[in-house]
Amino acid sequence: MKSRSRVPFFAAIALLIIAGISIATWRHIEIGIPWLTGEQQPVWMVEARIDFEASGEPLLASLNIPEQSPGFRILSEQAASPGFGFSIVDQDGTRRAEWTKRDVSGEQTLYFKTQFIPDPGANPDRPHRAPKPMAVFWEEPQATAVREVLQQAEERSSTPESMTRELIRLMQPKDTQAQNTTLLVSGTNYLDLLVRMLNHAGISARTADGLILEDARRRQPLSPYLQIYDGEEWLTFDPETGEQGLPEDVLLWRQGADSLLDVTGGGASNVSFSMLRQTIPAIQLAAMQAEDNGLGFLSLYQLPVEEQSMFRMLLLLPLGALMVAFMRIVIGIRTSGTFMPVLIAVAFVQTTLVPGLIAFTSVVAIGLLMRSYLSSLNLLLVSRISALIILVIFITAGLSIAGYHMGFNTGMTVTFFPMVIIAWTIERMSILWEEEGAHEVLVQGAGSLFVAICAFLVMDAPLSRHLTFNFPELHFAVLGLILLMGQYTGYKLSELRRFTPMKAYD
């Protein structure tokens with residue numbers, strides 16, 4: 001008879017393992033769920049404070065707020081403005097926070113708070129349409145000075161980036177300034193001058209305001225930056241040094257907007273920023289962002305808390321099953337029942353190890369004594385098992401009450417043991433005692449407890465709890481390993497000692 005090829009079987013196992021690991025890796029990258037427990041994620045809390053003097057007229061206060069700050073991702077936004085109407089509006093691609101009120105006078109203070117997560121790959125600033133350079137008109141003699149300075153910068157550059165760096169270098173004050181530079185810089189906003197000159201040279205340019213992040217800083221102003229469009233994205237430059245790129249500790253708050261703050265119906269307005277660095281567990285952060293992510297539907301955090309607690313326990317069972325399969329198939333440890341050790345391990349997870357061991361051995365020992373009495377009554381199997389279940393319930397209740405009066409708060413947790421399974425275990429051990437003797441009962445009972453303890457150690461590990469709940473797709477890999485062990489037909493490790501006498505013939 002031709003044997004069936006095992007290639008499809010092993011291919012299916014490989015697909016299960018690859019699929020489980022691949023989906024878990026994908027969710028780790030997309031949602032940000034950490035592989036390890038205890039990982040912390042820094043979060044910056046930034047608060048914008050707006051102070052102004054209201055004149056008694058209808059008020060509209062409008063603050064430019066960030067949308068795509070390179071290197072950061074927005075986690076949350078909120079406003080603290082009792083008595084004011086508040087909304088976030090989008091004006092021509094610019095986000096603004098607006099406060100409104102019909103009648104207000106005197107000194108007023110408004111707050112806008114937002115949380116940012118450092119993310120080097122977040123929000124690349126790539127506009128949907130390439131911006132066109134603004135038309136700039138110069139009067140003489142500035143027109144001639146601008147033309148000559150731009151010509152010098154162009155001769156020393158080959159790209160928009162190098163052109164910008166050379167222009168900044170030429171416009172810097174020196175001990176012996178060139179006549180053209182002196183004429184342009186005097187009495188003019190330096191950053192606005194750079195923007196106009198770059199637009200005149202055919203390079204789209206704009207201003208930006210950045211916030212230097214320092215922990216526990218208050219009343220911080222914004223720092224100005226220069227941005228140019230290189231054909232793909234906006235590049236940021238320090239207008240004083242010409243250094244390209246944005247430092248990691250700088251958050252761009254305003255990019256290209258006409259104004260940072262507008263107040264209609266008030267005057268003497270001012271905006272300042274305070275910031276605080278916090279750390280939160282990375283898994284908590286991933287749970288907060290799961291709903292907004294495309295893979296959020298795979299997260300168990302969307303379920304009610306009660307169901308989450310249930311799944312935290314159920315998702316540990318495959319690890320226990322894997323441990324039992326390994327111990328029985330590969331190691332060769334004999335147990336009472338096939339997967340009784342898994343159920344015992346689940347009970348140990350609830351009761352902790354030592355109280356669980358005491359409770360289990362006590363229930364089984366007392367149950368064996370009572371089972372011997374039931375055996376003397378010559379009852380039918382169904383009646384004997386039913387009576388044994390009731391006796392097990394009374395035993396656990398008695399142990400719980402005794403533990404409560406003795407001051408052990410884990411006394412009630414013995415009820416987590418599966419009553420029917422324990423009753424069947426007692427029945428099987430009793431029959432085994434009658435047929436094979438006490439030695440075999442001790443061997444299988446000790447094997448069951450040993451495997452249950454090993455399964456408990458695996459299931460109760462913080463990393464196991466973390467991975468099984470946050471990456472349930474890893475159970476595909478567990479299933480593949482169990483199926484793979486199902487094909488093992490070699491010697492069990494516990495059987496190798498039987499062949500040690502054969503070494504004498506080697």
Checklist entry - Roughly how far apart are Gln227 CD and Arg206 CZ, rounded to 0.5 Å? => result 4.5 Å
Checklist entry - Parallel, tilted or perpendicular: which fits the ring planes of His28 and Phe471, with parallel below 30° and perpendicular above 60°? => result tilted
Checklist entry - Less than 4.5 Å apart, any side-chain heavy atom of Gln255 and any of Tyr225? => result no
Item to check | Nearest heavy atoms of Ala97 and Ile65, plus distance in Å | outcome: CB-CG2, 4.0 Å
Next on the checklist: I need the Ile228 CD1 to Ile203 CD1 distance, nearest 0.5 Å.
Outcome noted: 5.5 Å
Checklist entry - Would a 4.5 Å heavy-atom cut-off, applied to side chains only, mark Ile212 and Gln220 as touching? => result no
Checklist entry - Does Leu16 reach the side chain of Leu483, with side-chain heavy atoms less than 4.5 Å apart? => result yes
Checklist entry - Side-chain contact, heavy-atom cut-off 4.5 Å: His475 with Thr468? => result yes
Next on the checklist: If I take atom CD1 from residue Ile17 and atom CG from residue Leu481, how far apart are they, to the nearest 0.5 angstrom?
Outcome noted: 5.0 Å
Next on the checklist: Quick check for you: to the nearest 0.5 Å, what is the distance between Gln115 atom CD and Gln78 atom CD?
Outcome noted: 7.5 Å
Item to check | Heavy-atom check, side chain of Val342 versus side chain of Met323, under 4.5 Å | outcome: no
Checklist entry - Below 4.5 Å, heavy atoms only, C-beta onward: do Phe10 and Leu484 meet side chain to side chain? => result yes
Item to check | Heavy atoms from other residues, nucleotides or ligands near CD of Gln487 exceed 12 (cutoff 6.0 Å) | outcome: yes
Checklist outcome for this item: Leu357 and Thr361 have their tightest heavy-atom pair at O-OG1, 2.8 Å
Checklist entry - Distance only, no hydrogens: is a donor on one side chain within 3.5 Å (strictly under) of an acceptor on the other, for Arg254 and Thr94? => result no
Next on the checklist: Minimum heavy-atom separation for Pro70 and Leu252, please, with both atom names.
Outcome noted: CD-CD1, 4.0 Å
Next on the checklist: Let's go through Phe273 and Trp253 carefully: what are the C-alpha distance in whole Å and the side-chain angles of both, what is the deciding distance for ring-ring contact (aromatic ring centres under 6.0 Å, His included) to 0.1 Å, and is it a yes or a no?
Outcome noted: CA-CA 10 Å; Phe273 297 86; Trp253 186 274; 4.9 Å; yes
Next on the checklist: Does either side chain, that of Glu161 or that of Gln244, offer a donor lying less than 3.5 Å from an acceptor on the other one?
Outcome noted: no
Checklist outcome for this item: Rounded to the nearest 0.5 Å, the CG atom of Asn470 sits from the CH2 atom of Trp35 at a distance of 10.5 Å
Mind listing the side-chain donor-acceptor pairs of residues 441-453 below 3.5 Å, one per line with the distance, residues two or more places apart or on another chain?
residue : atom : partner : partner atom : Å
Gln444  : NE2  : Glu440  : OE2          : 3.2
Ser448  : OG   : Ser336  : N            : 2.6
Ser448  : OG   : Gln444  : O            : 2.9

Checklist entry - Do Leu213 and Phe72 pass the side-chain contact (heavy atoms from CB on, under 4.5 Å) test, and can you show the C-alpha distance, the side-chain angles, and the key distance before you say yes or no? => result CA-CA 12 Å; Leu213 298 176; Phe72 292 89; 3.5 Å; yes
Checklist outcome for this item: Scanning both residues in full, the closest heavy-atom pair of Ala455 with Ala345 reads CB-CB, 3.8 Å
Checklist entry - Considering only heavy atoms from C-beta outward, does the side chain of Leu322 approach that of Met485 to under 4.5 Å? => result yes
Item to check | Leu198/Leu226 under side-chain contact (heavy atoms from CB on, under 4.5 Å): CA gap, chis, key distance, verdict | outcome: CA-CA 10 Å; Leu198 287 169; Leu226 172 68; 3.8 Å; yes
Item to check | salt bridge (charged side-chain N to carboxylate O under 4.0 Å, His left out) partners for Glu248, two or more places apart | outcome: none
Checklist entry - Can you list the steps and then say if Arg328 with Thr335 is a side-chain hydrogen bond (donor to acceptor under 3.5 Å, both in side chains)? => result CA-CA 8 Å; Arg328 288 179 60 94; Thr335 61; 2.5 Å; yes
Next on the checklist: Could you report the tightest heavy-atom contact between Leu319 and Ser464, atom names first, then the distance?
Outcome noted: CD1-CB, 3.7 Å
Next on the checklist: I'd like to check Phe116 versus Ile74 (side-chain heavy atoms, cut-off strictly below 4.5 Å). Are they in contact?
Outcome noted: yes
Checklist entry - Is there a donor-acceptor pair closer than 3.5 Å between any side-chain N or O of Arg95 and the backbone N or O of Pro66? => result yes
Item to check | Contact summary for Gly242 and Phe237, nearest pair of heavy atoms | outcome: O-CD2, 3.7 Å
Next on the checklist: Given 3.5 Å as the limit, does a donor-acceptor pair link the side chain of Thr114 with the main chain of Ser76, or not?
Outcome noted: yes
Next on the checklist: I'd like to know whether CZ of Phe394 has more than 12 heavy-atom contacts from other residues, nucleotides or ligands below 6.0 angstrom.
Outcome noted: no
Checklist entry - So, are Asp215 and Arg277 salt-bridged, with charged N and O less than 4.0 Å apart? => result no
Item to check | salt bridge (charged side-chain N to carboxylate O under 4.0 Å, His left out) involving Asp460 - partner list, sequence neighbours excluded | outcome: Arg465
Item to check | Chi angles and distances behind the side-chain contact (heavy atoms from CB on, under 4.5 Å) call for Leu353, Phe456 | outcome: CA-CA 8 Å; Leu353 184 58; Phe456 162 78; 3.7 Å; yes
Checklist entry - Between atom CD of Glu77 and atom CD1 of Ile88, what is the distance when rounded to the nearest 0.5 Å? => result 4.5 Å
Checklist entry - Should Val478 and Leu474 be marked as a side-chain contact (heavy atoms from CB on, under 4.5 Å) after you check the CA-CA gap, both sets of side-chain angles, and the distance that decides it? => result CA-CA 7 Å; Val478 174; Leu474 289 177; 5.7 Å; no
